[in-house]
Amino acid sequence: MKNIILLFIICFANLMNSQTKIVKANEPLFVLNGNEIPREILEKIDPKIIDSVKVLKEHASIEKYGEEGKFGTIEIYSSKYDSENLNQHQKIIYVLGGIASIYTKEDVEFEKKYKVKYYDFGCIAPTNFEEFELKNKKVFDSLSREFGENWQKDIKAASMGFSKWKDEKN
């Protein structure tokens, strides 16, 4: 009985994807307490601590999570989940730096303090720039929920989409 809830979630995820498995298996987005998680972390969660599960299909999922939710989203909530476990799936802030990637002492301190990692593309922007801005936006929202506004003064200015995100918040 212990794993029935988790098994149901995984089976439902597979069912949601049954029509899209032409080239590769496309999974729904898994979100735990407002944070994206990979399936591997979901499978390690004790089902007894899950308070509720909400399934968002296609349009509702895309509206809330953007393109990452195009295969649906499974939102899981748990008041008993230890947030330290979530840090096993490191949050990443994507940066569009200069000609050479610069990693400063302040960057190291920011990463440790706010439990994130920087990924610097250097001077070559990825072709799916907007997708990385969206990913960063989710991290910025998460940092705001967890740390208020303090983190904003310390973030790398070249963090993709940060200025746009900040303008939207004001």
For the [atom1] atom of [X] and the [atom2] atom of [Y], what is their distance to the nearest 0.5 Å?
{"X": "I155", "Y": "E106", "atom1": "CD1", "atom2": "CD", "result": "14.0 Å"}
{"X": "I45", "Y": "I37", "atom1": "CD1", "atom2": "CD1", "result": "4.5 Å"}
{"X": "Q152", "Y": "W165", "atom1": "CD", "atom2": "CH2", "result": "4.5 Å"}
{"X": "L42", "Y": "E27", "atom1": "CG", "atom2": "CD", "result": "9.0 Å"}

Quick one: does K70's side chain have a donor or acceptor within less than 3.5 Å of a partner on E67's backbone?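 Judged by distance alone, no pair lies under 3.5 Å.
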Determine yes or no for a side-chain-to-main-chain donor-acceptor pair under 3.5 angstrom, with E111 supplying the side chain and Y118 the backbone. yes
Only counting residues at least two apart or in another chain, list the ones meeting ring pair (Phe, Tyr, Trp, His ring centres under 6.0 Å) with Y65.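 Result, ring pair (Phe, Tyr, Trp, His ring centres under 6.0 Å) vs Y65: none returned.
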Is it possible for you to say whether I62 and V55 belong to one hydrophobic cluster, with membership spreading through side-chain heavy-atom contacts below 4.5 Å? no
Hydrophobic clusters here meaning ILVMFWY residues chained together by side-chain heavy-atom distances under 4.5 Å, can you tell me if Y77 and I49 are in one? no
For side chain to side chain contact (heavy atoms under 4.5 Å, CB included), just list the numbers for I74 and V53, CA-CA rounded to whole Å, side-chain angles, deciding distance to a tenth of an Å, and then say yes or no. CA-CA 7 Å; I74 298 178; V53 176; 3.8 Å; yes
Just so I know, are the side chains of E130 and L134 near enough to count as touching, which here means a heavy-atom distance under 4.5 Å?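 E130 vs L134: side chains apart.
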What are the two closest heavy atoms between [X] and [Y], and how far apart are they?
{"X": "I93", "Y": "S159", "answer": "CG2-OG, 3.5 Å"}
{"X": "N136", "Y": "M160", "answer": "ND2-O, 2.8 Å"}
{"X": "D120", "Y": "G97", "answer": "OD1-N, 3.1 Å"}
{"X": "G69", "Y": "S61", "answer": "O-OG, 2.7 Å"}

Side chains of T73 and K64, donor plus acceptor under 3.5 Å: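 There is no such pair (donor and acceptor under 3.5 Å, judged by atom type) between the side chains of T73 and K64.
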Residue pair D141 / S144, side-chain donor-acceptor N/O under 3.5 Å: no
Here's a test for you: under ring-ring contact (aromatic ring centres under 6.0 Å, His included), which of Y94, Y119, F162 qualifies with F132? Y94
Counting only heavy atoms from other residues, nucleotides and ligands, does the tally under 6.0 Å from CD of E63 exceed 12?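 Not buried by this count: 12 neighbours or fewer within 6.0 Å.
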What orientation do F110 and Y114 show, parallel under 30°, tilted 30 to 60°, or perpendicular over 60°?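 Correct class here is tilted.
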Salt bridge K169-E149, side-chain N to carboxylate O under 4.0 Å: no
Salt bridge or not between E131 and K135? Use side-chain N to carboxylate O under 4.0 Å. yes
Ring-face cation of K137 near F140 (centre distance under 6.0 Å, axis angle within 45°):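 Checked: cation-pi criterion not met.
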